[in-house]
There are 2 protein chains.
Amino acid sequence: MRLVIAECSVDYAGRLSAHLPLATRLLMIKADGSLLVHSDGGSYKPLNWMSPPCSISLSEPDSDQTDAGVTALWTVTHLKTLDQLVVSIFEVFHDSAHELGIDPGLIKDGAESHLQKLLAEQIHLLGEGFSFVKREYMTAIGPVDILAQDASGASVAVELKRNGDIDGVEQLTRYLELMNRDPHIAPVSGVFAAQTIKPQARKLAEDRGIRCLLLDYDAMRGADDTATRLF
Amino acid sequence: MRLVIAECSVDYAGRLSAHLPLATRLLMIKADGSLLVHSDGGSYKPLNWMSPPCSISLSEPDSDQTDAGVTALWTVTHLKTLDQLVVSIFEVFHDSAHELGIDPGLIKDGAESHLQKLLAEQIHLLGEGFSFVKREYMTAIGPVDILAQDASGASVAVELKRNGDIDGVEQLTRYLELMNRDPHIAPVSGVFAAQTIKPQARKLAEDRGIRCLLLDYDAMRGADDTATRLF
DNA sequence: TTGTTCATGTCGTAC
DNA sequence: GTACGACGTGAACAA
C-alpha cells in the first residue's frame, strides 16, 4: 500500500462525470492497483476512487498543465468498464509505501435470518391463538418467510424484513395473489413484519388489506435469552 | 489526518458484532475523530470503521492483554448510538499526521436530479402543448418526479430514470393508481422517461397504457447551454 | 456467470 | 430532524 498526501485535482469519467477541485488530499494505492481519494472528513466513502480490476499509469503533464502547476498525472483505468480517473498532482507532501499482506477478513455475528428464527419461536407476537406452520414455505415464485395459522385455522403468510419498504409489500402481495388462487390453502391473509416500516409502505400494505407488525429485535432476543437460560 | 500502519485486531459492537483477527492494517483517523480500518485490497469500503460524530480514547491494556502482546488500546465510541470500536494495537510500523484542510467537495454531472431539472425546463419534449406543473409532487406513497399537464389540461405524471427498468414502471403504476383514485386530480396519464429503456420495461409500460420517452441527455444539456448563453 | 437481496449501507433533498 | 429515493450503490449468496 502506498500513501501519498498531495495537493491535487481529480476528474472521473465513467457512469457519471465528476470533478474534484484543487485541494490537499490522501491518495491511497492498494496492492491490487485500486485507488482511493480521501479528504480529512466525511464518512468512510472516499471522495473518489477506482475499484479493481484497474491499472494505473503515470504520465507527463503537457506544457499547459505544467504552466498551471501540475507536476505529475496519474491515470487509472478500469480494465472492464474503461471508466477513467485522472489525478493531477501539484505538490506532494508525503509519500510512503508499506507491506501489509493479505487480510484474514471480517467475522460478522448476529444479523438477518436470526429475526426469522426468533419470530418463528415467538409466533404469539402475531396475535392471540396464532400457531406456527413453517419457515421458508415454498411457492412457485419463491419462499414465503413464515407460514402460520390464525385462531380460526386460516393461513397467514408473513413477510419479514429488517427495514420494511414498498418492495417487501409488493413481494408479499405476489405471494398472496398466488396462494389465494390455490383452493388447498386459500384464503390466506398477509402480515408485513419488520423492525422499521416506512409510512408509504405501511399505507400501501393497508390499502391491500395487509396487516403491518413492528418487531422489537432487542426484546425478541431478550425473550430468547430468557428461554434459553430456563432450559 | 493521522495515518498509522500497525499490526492490530479490531472488535466492533453496535448494530451487529464483528471481529477482525490480528493482521497489519492501515488505521486512518480523520480530523472529525472518525476512524477507518483498511486492508491492502478489497473495495473502497473499509474493513471496519466508526463514522462521526464519535470520540476516540486511548487506554492502557490490562495485564492479560499485555501478556498477549497488546501495546495500546483505542476505543472509539459513537456519540449518539454508543456503538463501540476497539482497536488492539500490537506493533506500530508507521505513524504520521498531516494537515489537509477542508475539502471543496465533489462536483457531479449526469445524475438523475440534473436530468429532472433539464426536463422540467424543456417540458415541450413531452409533446406539443404540454406545460410544467411541479417537480417532486408529493403523494402518500412518495414523490412523483414531474407533474405536468397536456394540451387539454389533463394531468400527466412523469417518472424519470437514467436507466429505465421494470422497477420504475412499477413505481409509476403505483402513483397513477393512487392519483386516479383522487377526484381532484384524476384522470392522470403516465410517461416513463429515461436515457435508456429496457425492452421488458417498455413492454410492461405500454401494456399499462404508459407512454415511453427516450431522453437524449447531451442534447438536453446542449439546449440548456444555448438557452443560458442567449440570455 | 447472472440475478437477487442485504447493508453498521451512505448521500442528497424536500418537507 | 424525519422521510424518502438514488447511488459510479457495493457485497454476499443462490441459481
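Everything numeric here is computed off the predicted structure, so don't read it as measured data. Note on naming: letters A, B, ... go to the chains in the order of the sequence lines (proteins, then strands), and numbering restarts at 1 for each one.
In this structure, A:L36 and B:M28 have side chains that are not in contact, with every pair of non-hydrogen atoms separated by 4.5 Å or more.
Here the side chain of A:T173 pairs a donor or acceptor atom with the backbone of A:V169 at under 3.5 angstrom. Judged purely by atom type and a 3.5 angstrom limit, B:Q122 uses its side chain to pair as donor or acceptor with the backbone of B:M220.
If you take CG of B:D145 and P of D:dG5, they are 10 Å apart, rounded to a whole angstrom. Regarding B:Q116, its CD atom lies at a distance of 10 Å from the C1' atom of C:dT13, rounded to whole Å. Whole-Å rounding puts the A:E170 CD to D:dG5 P distance at 12 Å. Distance B:H78 NE2 to C:dG9 C1': 14 Å, rounded to the nearest Å. The nearest whole Å value for the distance from the CG atom in B:D109 to the P atom in D:dA6 is 19 Å. Between B:M50 atom CE and C:dG9 atom C1' the separation is 15 Å, expressed in whole Å. Put simply, CD1 on B:I146 is 17 Å from P on D:dG5, counting in whole angstrom units. Atom-to-atom, CG of B:L147 to P of C:dA14 comes out at 16 Å; the value is rounded to the nearest Å.
Salt bridge present: A:E121 and A:K117 bring a charged side-chain N and a carboxylate O closer than 4.0 Å. Comment: A:D207 engages B:R181 in a salt bridge, judged by a side-chain N to carboxylate O separation of less than 4.0 angstrom.
Sorted by first and then second residue, the salt bridge (Lys or Arg N to Asp or Glu O under 4.0 Å) pairs involving residues 22-47 of chain B (not counting sequence neighbours) are A:D103-B:R25.
Between B:R135 and C:dA14 there is no side-chain N or O to OP1 or OP2 distance below 4.0 Å. Within the structure, a side-chain polar atom (N or O) of B:K161 is placed less than 4.0 Å from OP1 or OP2 of D:dA6. OP1 or OP2 of C:dA7 has at least one side-chain nitrogen or oxygen of A:R162 nearer than 4.0 Å.
Where A:Q171 and A:G42 each meet DNA chain C at their nearest nucleotide, the meeting point lying more 5' is that of A:Q171. Residue B:L47 is the one, among B:L47 and A:S43, whose nearest nucleotide of DNA chain C lies closer to the 5' end (criterion: closest heavy atom).
Within 4.0 Å of A:Y44, counting heavy atoms only, lie sugar-phosphate atoms of the nucleic acid but no base atom.
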What pairs of nitrogen or oxygen atoms, one from the protein and one from nucleotides 1-4 of chain D, lie under 3.5 Å apart?
residue, atom, partner, partner atom, Å
D:dC4, OP2, A:P199, N, 3.1
D:dC4, O5', A:Q200, NE2, 2.9
D:dC4, O3', A:Q200, NE2, 2.4

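In this structure, a donor-acceptor pair under 3.5 Å is absent between the side chains of A:Y175 and A:D145.
Among the nucleotides D:dC7, D:dA6, D:dG5, the one closest to the side chain of A:D165 is D:dG5.
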